Amino acid sequence: VTLVAAILERCTKLLSQCQDEELYSTLMRTIRYSLDVLSSHENVFLPKVHQLWSPLRHQLSSKYHLKQQQAFQVLMVLVRSCAEFLRQRVVAEVLPQLLTFLEDQAAVSYGKRRQAHVMTQAYKFQKLLLKEAPALVQFLKLPVAQVSQILRITCLYLSCHQLHELQASILI
């Protein structure tokens, strides 16, 4: 546990400095696995989550969708492990930007039928967010106002003009 906590701490420090895409992916995978290991050791886990929060939030607001996607996967590990600890932070600091992204991307993907769009990182992140939205609501026990926003934005993806894969992400 001590070794994994030290690895997680080192990865957290490297996260904001990392420019190399391959190294970044490795860091995020290591962070996810470390969190999985530490989640059953609350006295070590929660302080590490607190240290990780600021760099993770920064990655979630990155202009690179691949970074956002990988950071969101880490966030979902955290949401499943310590939802009560993160609820206020996610609702105030992360959820608004994720919902804005989904709303903007609904307009971008509206009427698209080209394979090129499906290959973009923005599309992949959009699909991941739609798939994980129910888990966010369930684990974070979101207030009615946030659930209402999620439902409003999700309805944009139920249009017959949206890609079938995005519609299917909602229904899973």
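What you see is a predicted model; the values in this text were computed from it and never measured. All heavy atoms count here, side chains included; hydrogens, waters and symmetry mates do not.
- With sequence neighbours excluded, the residues satisfying salt bridge (Lys or Arg N to Asp or Glu O under 4.0 Å) with Arg152 are Glu103.
- The nearest pair of heavy atoms linking Cys160 to Gln167 is CA-NE2, 3.7 Å.
- Leu23 CG to Cys18 SG: the interatomic distance, rounded to the nearest 0.5 Å, is 4.0 Å.
- The salt bridge (Lys or Arg N to Asp or Glu O under 4.0 Å) pairs that include a residue from residues 138-147 number zero, where partners must be two or more places apart or lie in different chains.
- Within the structure, no pair that satisfies the ring pair (Phe, Tyr, Trp, His ring centres under 6.0 Å) test touches residues 14-63, not counting sequence neighbours.
- Enclosure of atom CD in Gln51 by more than 12 non-hydrogen atoms of other residues, nucleotides or ligands within 6.0 angstrom is indicated.
- By the rule that hydrophobic residues join a cluster once side-chain heavy atoms approach within less than 4.5 Å of another member, Phe125 and Leu56 end up as members of one cluster.
- Shortest non-hydrogen contact noted between Val74 and Ile31 is CG1-CG2, 3.9 Å.
- Residue Leu166 comes nearest to Gln162 through the heavy atom pair CD1-OE1, 3.8 Å, listed as atom of the first residue, atom of the second, then distance.
- Following chains of ILVMFWY side-chain contacts shorter than 4.5 Å, one cannot reach Leu156 starting from Val108, and the two form parts of different hydrophobic clusters.
- In this structure, Met76 is a member of the same hydrophobic cluster as Val49, with clusters built from ILVMFWY side-chain heavy atoms closer than 4.5 Å.
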Residue pair Leu102, Tyr157: steps toward the side chain to side chain contact (heavy atoms under 4.5 Å, CB included) verdict: CA-CA 9 Å; Leu102 272 177; Tyr157 288 93; 3.6 Å; yes
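- The side-chain contact (heavy atoms from CB on, under 4.5 Å) search around Asn43 returns none, not counting sequence neighbours.
- A 6.0 Å sphere centred on CD of Glu42 holds no more than 12 heavy atoms belonging to other residues, nucleotides or ligands.
- Applying the side-chain contact (heavy atoms from CB on, under 4.5 Å) rule to Ser16 yields no partners; only residues at least two apart in sequence or on another chain are considered.
- For the pair Leu140 and Leu95, the minimum side-chain heavy-atom distance is 4.5 Å or more.
- Although no hydrogens or angles enter the test, the distance criterion places no donor-acceptor pair under 3.5 Å between the side chain of Ser148 and the main chain of Val144.
- Within the 4.5 Å cutoff, the side chain of Phe72 has no heavy atoms near those of the Val79 side chain.
- Taken from CD1 in Ile7 to CG in Leu27, the straight-line distance is 12.0 Å, to the nearest 0.5 Å.
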From CA spacing to verdict: side chain to side chain contact (heavy atoms under 4.5 Å, CB included), Gln17, Leu14: CA-CA 5 Å; Gln17 304 165 13; Leu14 291 172; 4.2 Å; yes
Go through it in stages, so that I can follow the logic: the residues are Leu38 and Val1, the test is side chain to side chain contact (heavy atoms under 4.5 Å, CB included), and I'd like the CA-CA distance, side-chain angles, deciding distance and then a yes or no. CA-CA 7 Å; Leu38 294 176; Val1 171; 3.7 Å; yes
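- Taking the side-chain contact (heavy atoms from CB on, under 4.5 Å) definition, one finds that Leu151 meets it with Val147, sequence neighbours left out.
- The hydrophobic cluster containing Leu98 also contains Val91, counting ILVMFWY residues as joined when their side-chain heavy atoms lie under 4.5 angstrom apart, directly or transitively.
- Under the salt bridge (Lys or Arg N to Asp or Glu O under 4.0 Å) criterion, Glu93 pairs with Arg57, not counting sequence neighbours.
- Side chain of Gln126 to backbone of Gln105: a donor-acceptor contact under 3.5 angstrom is found.
- Listed by first and then second residue, the side-chain hydrogen bond (donor to acceptor under 3.5 Å, both in side chains) pairs involving residues 66-85 are Ser25-Gln70, Arg32-Gln73, His65-Gln68, Arg80-Glu132 (not counting sequence neighbours).
- Put simply, the side chain of Arg89 reaches to within 4.5 Å of the side chain of Leu86, judged on heavy atoms.
- When the side chain to side chain donor-acceptor pair (under 3.5 Å) test is applied to Tyr123, no partner is found at least two apart in sequence or on another chain.
- Among all heavy-atom pairs drawn from Met28 and Ala71, the shortest one is CE-CA, 3.3 Å.
- Hydrophobic clustering (side-chain heavy atoms under 4.5 Å, transitive across Ile, Leu, Val, Met, Phe, Trp, Tyr) keeps Tyr64 apart from Leu129.
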Given side chain to side chain contact (heavy atoms under 4.5 Å, CB included), test Leu35 with Leu52 step by step and report yes or no. CA-CA 10 Å; Leu35 291 169; Leu52 177 62; 3.9 Å; yes
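- With sequence neighbours left out, Lys13 forms a salt bridge (Lys or Arg N to Asp or Glu O under 4.0 Å) with Glu9.
- Summarising the geometry, atom OG1 belonging to Thr154 is positioned 5.5 Å from atom CD1 belonging to Ile170; distances are rounded to the nearest 0.5 Å.
- Between Tyr110 and His161, the angle of the ring planes lies from 30° to 60°, which puts this pair in the tilted group.
- Counting only heavy atoms from C-beta outward, the side chains of Val90 and Leu78 never approach each other to under 4.5 Å.
- With hydrogens and angles disregarded, a donor-acceptor distance shorter than 3.5 Å links the side chain of Ser39 to the backbone of Asp36.
- The side-chain contact (heavy atoms from CB on, under 4.5 Å) test applied to Ala133 returns Ile150, not counting sequence neighbours.
- With rounding to the nearest 0.5 angstrom, the CG atom of Leu8 is 11.5 Å from the CG atom of Leu3.
- Leu66 belongs to no hydrophobic cluster with other residues, because no ILVMFWY side-chain heavy atom falls under 4.5 Å from its own, directly or through intermediates.
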